[in-house]
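Let me begin by presenting the structure, written as structure tokens, before commenting on it.
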Amino acid sequence: MSKSLSAFIKNICKKNNKDCTRLMDIARAVQGDFGCISGEAINLIAGELSMHRVEVESLASFYSFLSKEPKGRIVIRLCNDIIDELKGAAEVAKAFSDELGIKVGQTTPDGKISLEYTPCIGMCDQAPSALVNEVVITNLNRDKALEIVRSLKGHGDPSKLSKPLGDGNNANDLILSMVNNNIRKKGEVIFSEYKHGAGLTKALSHSPVEVIRGIKTSRLRGRGGAGFPTGMKWEFARQANGNNKYVICNADEGEPGTFKDRAILTECPGLMFEGMTIGGYAIGAETGILYLRGEYAYLKAFLEKVLSDRRKNGFLGKDVGGKKGFNFDIRIQMGAGAYICGEETSLISSCEGLRGDPKTRPPFPAQKGYLASPTTVNNVETFCCVTRIMDKGAPWFMEIGSKGSPSTKLLSVSGDCKMPGIYEVPFGIKVNELLKMVGAEDTAAVQVGGPSGQMIGPSDFKRTICYDDLATGGSIMIFNSSRNVLHIAARFMDFFVEESCGYCTPCRTGNALIKERLDRIIAGKGEPSDLDYLQELGESIKISSRCGLGQTSPNPVLSTMKNFRGVYERLVKRSKDGLMQPFDIKTALMDAEAIACRPSEKF
Ligand SMILES: Cc1cc2nc3c(=O)[nH]c(=O)nc-3n(C[C@H](O)[C@H](O)[C@H](O)COP(=O)(O)O)c2cc1C
Ligand code: SF4
């Protein structure tokens, strides 16, 4: 038995009070120091925490940032989402591969550096990007990749790669990252001037019930995607029986193309923490948890400092804001690379130190959430809105935006446009207004709401972004006429196949079948009947899956079949003699070419 491993595990378990709900933190620490959670480590952890070996093993095998097999001390994770691909990720991958002398998915023979792919790391506005351990590298190209490998072979220190530093707080001593916020448009609600404590002080001058009433009056709806009314959620949690209640902030931000929470976490985390504290007061909770995705680990030290400053200022801790008897504090729970953990019940499991398996609802988290207690889970942006509503009032909040969707929305814009980045716009903005704002030309398709949302074509660009029309958690991906919409849909299906937790058959198997049939169509080998097959299969996956991942996973195919029907039909069309048409990508992209008045480029 390795002595140092044993001592390390004893120590880290002791530091976490041998609390099995902190298994995730323990596992992350072991992975970080030993490059894997080996069989020996699993036994040791299980022994220290008095758990079954299989419980530890099931966690270690679930998260992509944890592994049972040894990895290099340095792991280069290349983002392989569609936007990175369009911006040249393949060339970057080749450069890394060539210089390291290994393929993606391998570790150098000296065991020092591993190279792998990872889904969206929240940097689509500065793609291609990668993580080198916890260090984010943006705007990659071949030369940069070669230089990175040479530097790592020399000094072996990923933190020395963060040059030049990014804008705003990215240059803060506790972040020191090359990430840029790229906040292109500031609105009145999130990115405007704010005096810390103003919203909290006003909230504490009211009763918790009045606070919830204020949030209900504002008609605030959750910004994480589903748009559930926040006031109602809080009311359920307040009314639920339970001695301990919890407030969880969902900063998992895993939907490809979404990176707006990253900017809040970097530039105005106080606004978010204050909203969580108001939430704690409203529902009667003493504990808050910020669930921070593993990809944003570079922000952790900074966020811990913001929390500690808030404690010093009396905004957290005992008798918060001078309110006798209101005690509330917040801890940060790191994730470890799993898209499904953005789903609130999976996220709760992950906070409990378990695999991020979704749970069957009801009971909803408001009744039975974290540690089986009433819990509210809200998005980062939602909590910021709460703080502003308390400070400026519900009427002010409702005056902004459209009638059915008050206030502003943060949009993360990426893809084929001149100014990718974050835009705080009033709800009700038309897609074509947004396209103009971001410098998009020759746009043939816009993916609204990430892969789980919908892809729309030019005839829908007059539609509006709001809960009653095109709803989005924030992801807006723009594709010009040189792009192949079916290829994009296929990449999104790859993502869902990869990220399904595998619990239910429709999602686990159905999505793989959709992908297979779609590939066949793309290869020009499809039949006209394949379209009915895809429609029926997609609809059954949506209705028979247990959680939101499966319920939205066929959307890439269903929405492109609806909005880009011609592309599919041309590919599956039969000639008069009954033989398949030869596949011709030019014909397949005729619609897009007509819109653009210019020929398509090769993908
Ligand atoms: C697969 C999946 C991933 C999700 N990812 C996120 C996420 O990254 N951030 C988020 O706030 N909500 C995410 N959600 C929605 C959450 O389940 C939940 O509805 C949300 O956090 C509630 O906050 P809100 O009411 O403030 O929107 C996801 C849902 C699903 C099904
Ligand atoms: S729908 Fe998919 S991700 Fe959700 S529980 Fe079922 S298999 Fe898991």
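Remember, it's a predicted structure, so these values are computed and weren't measured experimentally. Position 1 is the first residue of the sequence, and the numbers go up from there. In each ligand, atom 1 is the first atom listed, and ligand 1 is the first ligand listed.
In this structure, Arg388 fails the cation-pi test against Tyr194, since its NZ or CZ atom is not both closer than 6.0 Å to the six-membered ring centre and inside 45 degrees of the ring normal. Under a cutoff of 6.0 Å and an axis angle of 45°, Arg361 and Phe364 do not form a cation-pi pair. Cation-pi contact between Arg219 and Tyr467: absent, since separation from the ring centre below 6.0 Å together with deviation from the ring axis within 45° is not met. Annotation: cation-pi geometry not satisfied between Arg508 and Tyr503 (NZ/CZ under 6.0 angstrom from ring centroid, within 45° of ring axis).
From the protein, the heavy atom lying nearest to atom 24 (P) of ligand 1 is Gly222 CA, 3.4 Å. Remark: minimum distance from atom 17 (O) of ligand 1 to any protein heavy atom is reached at Glu344 N, 2.9 Å. Residue, atom and distance of the protein heavy atom nearest to atom 29 (C) of ligand 1 are Glu343 CA, 3.7 Å. In terms of protein heavy atoms, atom 21 (O) of ligand 1 is closest to Asn250 ND2, 2.9 Å. Among all non-hydrogen protein atoms, the one lying nearest atom 11 (O) of ligand 1 is Asn379 ND2, 2.8 Å. Protein heavy atom at the shortest distance from atom 25 (O) of ligand 1 is Lys233 NZ, 2.9 Å.
For Ile340, every heavy-atom contact with ligand 2 shorter than 4.0 Å involves the side chain, none the backbone. With a 4.0 Å cut-off on non-hydrogen atoms, Asn378 touches ligand 1 through its backbone as well as its side chain. For Arg223, every heavy-atom contact with ligand 1 shorter than 4.0 Å involves the backbone, none the side chain.
Less than 4.0 angstrom separates some heavy atom of Thr382 from each of these atoms of ligand 1: 24 (P), 26 (O). Those atoms of ligand 1 that come under 4.0 Å of a heavy atom in Val377, given as number and element, are 21 (O), 22 (C), 23 (O). For ligand 1, the atoms lying closer than 4.0 Å to a non-hydrogen atom of Asp252 are 8 (O). Near Leu549, meaning under 4.0 Å from any of its heavy atoms, are these atoms of ligand 1: 1 (C), 31 (C).
Electrostatic pairing of Arg262 and Glu253 does not count as a salt bridge here, judged by no charged N lying under 4.0 Å from a carboxylate O. We find that Lys562 and Glu539 are not joined by a salt bridge, their nearest charged nitrogen and carboxylate oxygen being 4.0 Å or further apart. The residues Arg184 and Glu424 are annotated as not salt-bridged, no charged nitrogen and carboxylate oxygen being separated by less than 4.0 angstrom. The pair Glu274-Arg310 meets the salt-bridge criterion, with a side-chain N (NZ, NE, NH1 or NH2) lying under 4.0 Å from an Asp/Glu carboxylate O. Between Asp25 and Arg28 no salt bridge is recorded (no basic side-chain N to carboxylate O distance below 4.0 Å).
The closest approach between any non-hydrogen atom of Phe383 and ligand 1 is not below 4.0 Å. Within the 4.0 Å heavy-atom shell around ligand 1 one finds Glu253. In this structure, Gln551 does not count as a contact residue of ligand 1, since none of its heavy atoms falls inside 4.0 Å of the ligand.
Note on atom 6 (Fe) of ligand 2: protein N, O or S atoms under 2.8 Å away count 1, no waters included.
Side-chain contact between Lys409 and Lys260: present, with at least one pair of heavy atoms (C-beta onward) separated by less than 4.5 Å. By the 4.5 Å heavy-atom criterion applied to side chains, Ile83 and Phe479 are counted as neighbours. Under the 4.5 Å side-chain criterion, counting only non-hydrogen atoms from C-beta, Ser373 is not in contact with Lys245.
Evaluated for a side chain to side chain contact (heavy atoms under 4.5 Å, CB included) with Asp84, the options Pro256, Pro128, Cys120, Pro119 yield exactly one hit, Pro128.
Taking the six-membered ring wherever Trp is involved, the centroid distance between the rings of Phe315 and Phe273 does not fall below 6.0 Å.
By heavy-atom distance, the residue among Gly342, Pro229, Gly254 lying nearest atom 15 (C) of ligand 1 is Gly342.
Below 3.5 Å of separation, one finds an N or O of Gly224 facing an N or O of ligand 1.
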